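Small disclaimer: the values here were computed from a predicted structure and weren't measured. Every number for a ligand or one of its atoms is a count from 1 in the order of the listing.
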Amino acid sequence: MAKFTILGMGGFGLSLAVMLNNFGHNVTVWSAFQSEVDDIKRDGENKQKLPGVKISDEIQLTVDMSSVSDAEIVIFGIPTKKLREVAQKAAPYLRPETVVVNTGKGLEEGTLKRMSEVLEEELPNNPIVVLSGPSHAEEVALGMPTTVVAASKDNKYSDYVQSVMSNSTFRVYINDDLVGCELGGSLKNVIALCAGICDGMGFGDNTKAALMTRGITEIARLGVALGGKKETFAGLTGIGDLIVTCTSMHSRNRRAGILIGKGMSPESAVEQVGTVEGYICTKAAYELAKKVGVDMPITEQCNNVLFNGLSAKTALNNLMARPKRHEAETVWVE
Ligand SMILES: NC(=O)c1ccc[n+]([C@@H]2O[C@H](COP(=O)([O-])OP(=O)(O)OC[C@H]3O[C@@H](n4cnc5c(N)ncnc54)[C@H](O)[C@@H]3O)[C@@H](O)[C@H]2O)c1
């Protein structure tokens, strides 16, 4: 059994804490906010972020960052825009042999870096593993069968995470395509926002299937240009995560999209829903695509809706009116 410290007392951090505690691991969860600790101690659950899931007394809750110092594995369950800040706080306490696992999905605003790149910069002495795949917190916490992928630059560490974190409810695969796994997990949130927008506008299954299929195509196109392997995008961290995010009401990206599709401003929708990783990621993905010269029409239109005042209706018309193409003009074909 391993000693885990999980950073972040939100939905995903707590769901992993519950799952790991159920399988006998020693789990501490850290929050930057004393109020989060107090609320869970009082209510026995995080009513706002993971309602209805009891947080066992065996799980230690703390605001003391030195709790990372005796952990074998430290898991970051922090929204991506705060990841660098929290990594800087953790750095002085981390032992170099501690394996760091990131679960946040997104790209850093401005630098356009993947989260493992951010962690490598802030924690240069620690091995970094990315855990990604179709894994709604609400279902992980209830022990519903879930599959994810551990990826790292050195397979030794993803093997280690796989061996320690796998159990009868949580099956961990490994993949040596760190870039592809991270980009699939991050960019699917852009398409989930669009899927929500189409739901909010009253469109149906045809539209969503089109978005998901053409969405994974453009995600893979960017991913391959940045060094990912095309087959990764057909796996759990690509199409797998895209399916779960575009079709579920657990997805905050999709829920924010629905509000936008019904006419709410993007800023208000994001404020109402909370952690909507696809919002910043849309802008970052659009900038990244421009930088490397990759065509991402859905991401481009989404960026215009979110940040340039374009109506969702016009964005959709623009996509439908694009020059006619062969479907197979994609990375899926050699
Ligand atoms: N919720 C899921 O089902 C799920 C699944 C897989 C991956 N993820 C990813 O995990 C990350 C976290 O998601 P979540 O659902 O747990 O988010 P959340 O909004 O439920 O919780 C985030 C937690 O991060 C911490 N936090 C927030 N702002 C902070 C700050 N300024 N400084 C320090 N700590 C801060 C808080 O403890 C907060 O509760 C996201 O990147 C998300 O994409 C979520």
Side-chain angles (χ1 to χ4, degrees), residues 5-19 28-40 45-51 53 55 61-65 67-68 74-90 101-109 114-116 118-119 122 130-142 144 146-150 165 170 172 181-190 192-193 236-237 240-242 244-245 247-256 270-281 284:
T5 295
I6 297 173
L7 305 179
M9 219 168 267
F12 202 54
L14 286 173
S15 74
L16 290 176
V18 168
M19 182 272 289
T28 299
V29 188
W30 171 91
S31 171
F33 311 108
Q34 185 65 50
S35 59
E36 265 184 338
V37 173
D38 294 344
D39 289 352
I40 296 174
E45 64 183 277
N46 185 333
K47 286 197 161 168
Q48 203 197 341
K49 306 232 159 118
L50 198 60
V53 174
I55 307 302
L61 306 177
T62 186
V63 291
D64 181 0
M65 187 55 99
S67 63
V68 300
V74 168
I75 300 178
F76 281 78
I78 299 287
T80 52
K81 66 178 174 192
K82 297 293 173 188
L83 184 77
R84 190 181 285 280
E85 185 184 315
V86 175
Q88 285 167 351
K89 280 189 191 157
V101 175
N102 178 56
T103 63
K105 294 172 180 171
L107 297 168
E108 189 174 50
E109 195 174 9
R114 290 177 283 107
M115 292 302 116
S116 72
V118 171
L119 287 176
E122 300 301 335
V130 162
L131 198 70
S132 190
S135 50
H136 286 314
E138 295 82 352
E139 299 182 7
V140 171
L142 296 178
M144 294 190 186
T146 297
T147 54
V148 295
V149 176
M165 292 188 72
F170 197 76
V172 183
C181 288
E182 259 186 308
L183 288 174
S186 302
L187 300 174
K188 55 92 193 181
N189 286 331
V190 177
L193 257 169
L236 289 169
T237 58
D241 211 357
L242 187 74
V244 89
T245 314
T247 59
S248 172
M249 279 310 277
H250 290 317
S251 166
R252 286 162 300 189
N253 292 285
R254 177 169 172 244
R255 292 209 306 270
V270 169
E271 200 183 318
Q272 181 166 321
V273 174
T275 304
V276 179
E277 292 284 19
Y279 185 61
I280 296 301
C281 194

Would you find a donor on one side and an acceptor on the other, under 3.5 Å apart, between the side chain of S31 and the backbone of V63? no

Looking at N253, is its backbone amide N or carbonyl O close enough to the side chain of N189 to form a donor-acceptor pair, meaning the two atoms are under 3.5 Å apart? no

Does [X], backbone or side chain, put an N or O under 3.5 Å from an N or O of ligand 1?
| X | value |
| --- | --- |
| G10 | yes |
| A137 | yes |
| E277 | yes |
| F12 | yes |
| M9 | yes |
| R252 | yes |
| F33 | no |
| E36 | yes |
| K82 | no |

Nearest 0.5 Å please: distance from the [atom1] atom of [X] over to the [atom2] atom of [Y].
| X | Y | atom1 | atom2 | answer |
| --- | --- | --- | --- | --- |
| L7 | K89 | CG | NZ | 10.5 Å |
| E109 | K81 | CD | NZ | 8.5 Å |
| T275 | F12 | OG1 | CZ | 13.0 Å |
| W30 | F76 | CH2 | CZ | 8.5 Å |
| L242 | T237 | CG | OG1 | 11.0 Å |
| K188 | L183 | NZ | CG | 13.0 Å |

In terms of residue, atom name and distance, what is the protein heavy atom nearest to [atom]?
| atom | answer |
| --- | --- |
| atom 25 (C) of ligand 1 | I78 CD1, 4.0 Å |
| atom 24 (O) of ligand 1 | P79 CD, 3.2 Å |
| atom 9 (C) of ligand 1 | T103 O, 3.4 Å |

Under a 4.5 Å cut-off applied to non-hydrogen side-chain atoms, are [X] and [Y] in contact?
| X | Y | result |
| --- | --- | --- |
| V18 | I55 | yes |
| L50 | E45 | no |
| T80 | V118 | no |
| K47 | D39 | no |

Heavy atoms only: give me the nearest S251-H136 pair and the separation to one decimal. N-CE1, 4.1 Å

Please name the pair of heavy atoms, one in E277 and one in K105, separated by the smallest distance, quoted to 0.1 Å. CB-O, 3.3 Å

Pull out every atom of ligand 1 sitting under 4.0 Å from any heavy atom of [X], numbered as shown with elements.
| X | result |
| --- | --- |
| S135 | 3 (O), 5 (C), 6 (C) |
| G77 | 12 (C), 24 (O) |
| G8 | 37 (O) |
| S31 | 37 (O) |
| T275 | 17 (O), 18 (P), 19 (O) |
| H136 | 3 (O) |

Backbone, side chain, both or neither: what part of [X] comes under 4.0 angstrom of ligand 1, heavy atoms only?
| X | result |
| --- | --- |
| H250 | neither |
| V140 | neither |
| K49 | side chain |

Can a non-hydrogen atom of [X] be found less than 4.0 Å from any atom of ligand 1?
| X | result |
| --- | --- |
| G274 | no |
| G106 | no |
| K89 | no |

